[in-house]
Amino acid sequence: MNQRILIPIMELDAAWSLRGFSHQHYAKEYCTGVLKIPPKHIEESHISASGIEVKLQYAEETTQEEWYRQLMALLKVKNKGFVW
């Protein structure tokens with residue numbers, strides 16, 4: 001199963017544009033470097049007007065991994081993220 005997640009990065013990370021990632025690779029670099037999502041679980045990622053959109057691979061197998069739990073907790077606490 002794949003899972004799409006919207007990370008409203010502008011609301012969660014005030015310094016998101018200052019981290020030094022190149023624009024075309026920024027979404028994936030942010031996901032792997034800052035959010036600690038293993039690259040093998042990122043099917044696609046891109047920046048949209050709403051934030052960073054990520055399509056995770058094998059989401060049902062990752063729900064107990066620490067990086068996944070932290071990501072879901074961040075989105076839930078901030079009440080900003082969307083999972084579809």
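Remember, predicted model here, so these are calculated numbers, not experimental data.
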Find out whether [X] and [Y] are in side-chain contact, i.e. whether some heavy atom of one side chain is under 4.5 Å from a heavy atom of the other.
| X | Y | result |
| --- | --- | --- |
| I52 | P8 | no |
| Y68 | K36 | no |
| T32 | P38 | no |
| L35 | W67 | no |
| E43 | R4 | no |

Exercise for review: Verify, without hydrogens or angle tests, whether R69 (side chain) and Q64 (backbone) share a donor-acceptor contact under 3.5 angstrom.
Suggested key: yes
From [atom1] ([X]) to [atom2] ([Y]), nearest 0.5 Å:
| X | Y | atom1 | atom2 | value |
| --- | --- | --- | --- | --- |
| C31 | Y26 | SG | OH | 9.0 Å |
| H41 | L71 | NE2 | CG | 12.5 Å |
| Q70 | I37 | CD | CD1 | 11.0 Å |

- Task: Go through the steps for K55 and I5 under the test side chain to side chain contact (heavy atoms under 4.5 Å, CB included), then give the verdict.
- Result: CA-CA 6 Å; K55 184 175 182 183; I5 297 174; over 6 Å; no
**Item:** Which atom of N2 lies closest to which atom of Q57, heavy atoms considered
**Value:**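 Looking at all heavy atoms of both residues, the closest pair is OD1-CA, 3.4 Å.
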